[in-house]
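In what follows, every heavy atom counts, from backbone to side chain, and hydrogens, waters and symmetry copies are set aside.
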Amino acid sequence: METGRKEWAGSPKIYDTRKIDRTHALVWTSDPLTSAGGAGSARGAGSVSGAGSVGGAVARRIRGIPVLRLTVRSTTHAVSLFAHLFDVAQDETARIITHEPLNVEGLGPGEAREVEWRLQAAAYDLAEGHRLMLVIDSKDPLYGDVSEVWTQTVVVAPARLELPLG
C-alpha cells in the first residue's frame with residue numbers, strides 16, 4: 001500500500017530490470033526511443049522499455065488503454081497471467097507505466113486460446129533514449145491466481161501490444 005501511495009503522489013518505485021527472472025517471465029524490450037518519431041522495433045523474446053520524462057525531450061506520450069493480444073496454451077484448465085509495462089532508463093532501472101492481471105479459464109489440455117488483454121489506462125511520457133519493456137509472468141505477489149503448481153503455460157507467436165499514443 002505504501003508504494004502505491006507514493007506512486008500516486010509522483011514518487012514511483014524504481015525497479016531493477018536485471019532482477020526480472022527471465023527463466024519464468026517473458027520479456028520484450030524496444031530499442032531506445034527517439035523524439036524524431038522512430039521507436040525501435042521490439043527485439044528478442046521479451047523486451048519493451050522506457051522511463052518518465054523529467055525535463056528532457058519526450059519521445060512518446062502514452063494516453064489511454066494499452067491492449068495486448070496474444071495466444072496462450074497450457075497444460076492445465078486455467079492460468080493467471082500478469083502483464084507489466086515498464087519505462088526503462090539507460091541504467092536498466094525502470095518505472096511501471098501500467099499493469100493488469102488476467103485469468104484465462106476453460107482451457108482444454110494443449111488448447112491454444114487467443115486473448116485480448118486491456119491493461120490499466122495510462123497517461124505517461126517516455127523520455128528520449130528510454131526503452132519500453134513488456135513483462136508477462138504467471139505469478140505476482142500482490143494478486144491471487146488460478147494457476148496450478150507444476151504446470152506449463154506458453155505464449156504462442158505472434159503477440160501484439162497496441163499503445164494509445166497522444
Practice problem: Considering non-hydrogen atoms only, spot the tightest contact between His24 and Asp137 and give its length. | Solution: O-OD1, 3.6 Å
Practice problem: Could you pull out the closest heavy-atom pair between Ala123 and Arg63, with the gap in Å? | Solution: C-NH1, 3.7 Å
Quiz item: Do Val67 and Glu116 have side-chain heavy atoms sitting under 4.5 Å apart?
Solution: yes
Quiz prompt | CZ on Arg73 to CD on Glu111, rounded to 0.5 Å | solution = 10.5 Å
Quiz item: For the residue pair Ala122 and Thr98, what are the closest heavy atoms and their distance?
Solution: CB-CB, 4.3 Å
Quiz item: Should the heavy atoms of other residues, nucleotides or ligands under 6.0 Å from CZ of Arg118 be counted, would the total exceed 12?
Solution: no
Self-check item: Main-chain N/O of Pro164 paired with Arg61 side-chain donor or acceptor, under 3.5 Å
Solution: no
Exercise. Please answer: with hydrophobic residues joined when any side-chain heavy atoms are less than 4.5 Å apart, are Tyr124 and Leu165 in the same cluster?
Key: yes
Exercise. Starting at CG of Leu70, measure out to CD of Glu114 and round the result to the nearest 0.5 Å.
Key: 9.5 Å
Exercise. For the pair Val115 and Leu81, evaluate side-chain contact (heavy atoms from CB on, under 4.5 Å) and give the outcome as yes or no after the intermediate values.
Key: CA-CA 11 Å; Val115 296; Leu81 299 171; 5.7 Å; no
Quiz prompt | Minimal non-hydrogen separation, Ser35 against Val58, with atom names | solution = CB-O, 3.6 Å
Self-check item: Between CG on residue Leu119 and CD1 on residue Ile65, distance to nearest 0.5 Å
Solution: 9.5 Å
Self-check item: Verdict with supporting geometry, Arg95 and Ile14, side-chain contact (heavy atoms from CB on, under 4.5 Å)
Solution: CA-CA 5 Å; Arg95 293 184 170 118; Ile14 304 299; 3.3 Å; yes
Exercise. Taking the side chain as every heavy atom from C-beta outward, state whether His84 and Glu100 have any pair of such atoms under 4.5 Å apart.
Key: no
Quiz prompt | Side chain proximity check, Trp117 to Val72, heavy atoms < 4.5 angstrom | solution = no
Quiz item: So, the side chain of Arg113 versus the backbone of Glu105: is there a donor-acceptor pair under 3.5 Å, distance only?
Solution: yes
Quiz item: Nearest 0.5 Å, what's the CG-NE2 distance between Leu33 and His130?
Solution: 9.0 Å
Quiz item: Could you state the interatomic distance from CG (Leu107) to OG1 (Thr75), rounded to the nearest 0.5 Å?
Solution: 10.0 Å
Quiz item: If only atom types and distance count, is the side chain of Thr17 paired as donor or acceptor with the main-chain N or O of Glu92 below 3.5 Å?
Solution: yes
Quiz item: Does any non-hydrogen side-chain atom of Leu85 lie less than 4.5 Å from one of Leu68?
Solution: no
Quiz prompt | Atom pair CZ/CD1 of Phe86 and Ile97 - distance to nearest 0.5 Å | solution = 9.0 Å
